[in-house]
Protein chains: 2
Amino acid sequence: MSEPNPGEPSAEDPRLLDALGQTALVIVGLLTSIAAEHDLSLTQARVLGILRDRRLRMTDLADYLGLERSTLSGLIDRAAGRGLVERSRSAEDGRSIEVALTDVGQQFASRAERDIAAALAPFTARLSPSERTSLTTLLERMLATGASDA
Amino acid sequence: MSEPNPGEPSAEDPRLLDALGQTALVIVGLLTSIAAEHDLSLTQARVLGILRDRRLRMTDLADYLGLERSTLSGLIDRAAGRGLVERSRSAEDGRSIEVALTDVGQQFASRAERDIAAALAPFTARLSPSERTSLTTLLERMLATGASDA
DNA sequence: TATTGTTATACTCTATAACTATA
DNA sequence: TATAGTTATAGAGTATAACAATA
């Protein structure tokens with residue numbers, strides 16, 4: 001994995017790695033700030049985002065986020081305490097609990113989505129429309145790949 | 001801020017926003033995993049990364065990371081306890097403490113850098129060399145901008 | 001027995017407030 | 001008085017281990 005593979009130049013691109021890392025940290029920082037404005041952690045905000053168009057069991061939601069079920073229990077406890085999500089026992093499997101957004105949670109999620117668009121606008125605005133299209137294509141291609149082995 | 005500004009199409013690009021957000025979360029997730037393999041949090045890893053080619057005062061390091069000084073005290077306590085960084089009183093200003101990597105910390109940082117390159121390789125490898133160049137350019141342009149108003 | 005979810009526990013990250021030492 | 005750093009405290013996020021209920 002760390003051999004200098006001669007036919008595989010992708011790791012020899014420090015500028016790209018830097019740009020990706022920087023971009024990631026900046027954007028996650030922005031997302032974290034926006035969440036904080038609504039008194040949410042980034043993780044809580046992600047929960048709302050994921051549940052925006054879905055109702056999920058605790059286990060599946062934990063898998064989505066890459067967290068332990070026990071971690072999710074606390075997360076959902078706090079979100080439910082604020083009236084953002086609701087738990088309900090599954091009809092099919094008596095062991096499962098399904099989580100869904102409340103109306104308040106939906107409104108929260110919508111507002112956050114607008115705020116995110118606004119916060120990212122200064123960044124994307126610096127690119128021309130065709131550059132934005134290129135960037136979208138490149139990022140989507142990169143993600144589609146990586147997902148298959150990460 | 002939420003008016004539908006007709007001459008400003010940058011916020012009307014949900015696919016780009018999605019791609020940026022997804023990319024950011026995936027990459028930060030990878031960085032977090034790599035740090036965890038070395039028993040470091042992402043924040044601790046960032047400290048090592050920042051100190052890789054610098055010696056900084058506590059306050060400046062806190063500013064770099066966007067954290068309170070009190071938060072940094074704990075962070076540096078733990079890193080120093082593991083022998084990764086060293087504190088030393090500033091010669092110029094008796095109030096200031098300078099932080100620098102130890103040899104062990106340097107080795108850690110080098111190893112982490114290689115691991116990051118290896119972890120990102122599957123993603124970047126899916127793009128052709130010229131696409132990688134384009135992506136680098138686009139990301140750098142976007143970052144250069146946003147930094148001026150975020 | 002295996003799976004779903006929760007609880008208990010412990011540690012890290014983070015901020016705010018109060019403090020000490022230096023400028 | 002203002003700045004640099006630490007400590008005390010508190011809350012959130014996280015994991016591991018032990019547990020209850022259901023399958």
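Naming: A, B, ... by sequence-line order, numbering from 1 per chain.
When the side chain to side chain contact (heavy atoms under 4.5 Å, CB included) test is applied to Asp77(B), the partners found at least two apart in sequence or on another chain are Arg87(B). With sequence neighbours excluded, the residues forming a side chain to side chain donor-acceptor pair (under 3.5 Å) with Asp60(A) are Arg57(A), listed by chain and number. Applying the side chain to side chain donor-acceptor pair (under 3.5 Å) test to Asp93(A) and every residue at least two apart in sequence or in another chain returns Arg95(A).
Note: CD1 (Ile76(A)) to P (dT4(C)) measures 16 Å, nearest angstrom. Rounded to whole angstrom, the span from the CG atom of Leu65(A) across to the C1' atom of dA15(D) amounts to 15 Å. The CG-C1' distance, from Leu67(B) to dT6(D), rounds to 16 Å in whole Å. Look at CG on Leu72(B): it is 14 Å from C1' on dT12(C), rounded to the nearest Å. In this structure, the CZ atom of Arg78(B) is 13 Å from the C1' atom of dT7(D), given to the nearest Å.
For CG of Asp103(A), the number of neighbouring non-hydrogen atoms (other residues, nucleotides, ligands) closer than 6.0 Å is 12 at most.
In the region residues 87-99 of chain A, proximity to DNA chain D at under 4.0 angstrom, judged on heavy atoms, holds for Asp93(A), Gly94(A), Arg95(A). Contacts with DNA chain D (heavy atom under 4.0 Å) in residues 49-64 of chain B: Arg57(B), Met58(B), Thr59(B), listed by number. Within residues 36-44 of chain B, the residues having any heavy atom under 4.0 Å from DNA chain C are, by residue number, Ser41(B), Thr43(B), Gln44(B).
Leu84(A) and Leu40(A) get closest at one heavy-atom pair: CD1-CD2, 3.9 Å.
Here ring-ring contact (aromatic ring centres under 6.0 Å, His included) pairs that include residues 66-106 of chain B, with residues two or more places apart or in two chains, number zero. Applying the ring-ring contact (aromatic ring centres under 6.0 Å, His included) test to residues at least two apart or on different chains, the pairs with a partner in residues 17-54 of chain B are His38(B)-Phe108(B). Judged as a ring-ring contact (aromatic ring centres under 6.0 Å, His included), not a single pair has a partner in residues 72-91 of chain A (not counting sequence neighbours). Evaluation of the ring-ring contact (aromatic ring centres under 6.0 Å, His included) test over residues 60-99 of chain B, restricted to residues two or more places apart or in two chains, returns none.
One finds the OG atom of Ser90(B) at 4.5 Å from the CD atom of Glu98(B) (value rounded to the nearest 0.5 Å). Summarising the geometry, atom CG belonging to Leu16(A) is positioned 10.5 Å from atom OG belonging to Ser134(B); distances are rounded to the nearest 0.5 Å. Considering CD of Glu140(B) and CG of Asp18(A), their distance stands at 8.5 Å, rounded to 0.5 Å.
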Check: protein-nucleotides 16-19 of chain D nitrogen or oxygen pairs below 3.5 Å:
{"residue": "dT16(D)", "atom": "O4", "partner": "Ser70(A)", "partner atom": "OG", "Å": "2.7"}

Scan the side chains in residues 44-52 of chain B for donor-acceptor partners under 3.5 Å anywhere in the protein, sequence neighbours excluded, and list what turns up.
{"residue": "Gln44(B)", "atom": "NE2", "partner": "Leu75(B)", "partner atom": "O", "Å": "3.4"}
{"residue": "Arg52(B)", "atom": "NH2", "partner": "Glu113(B)", "partner atom": "OE1", "Å": "3.0"}

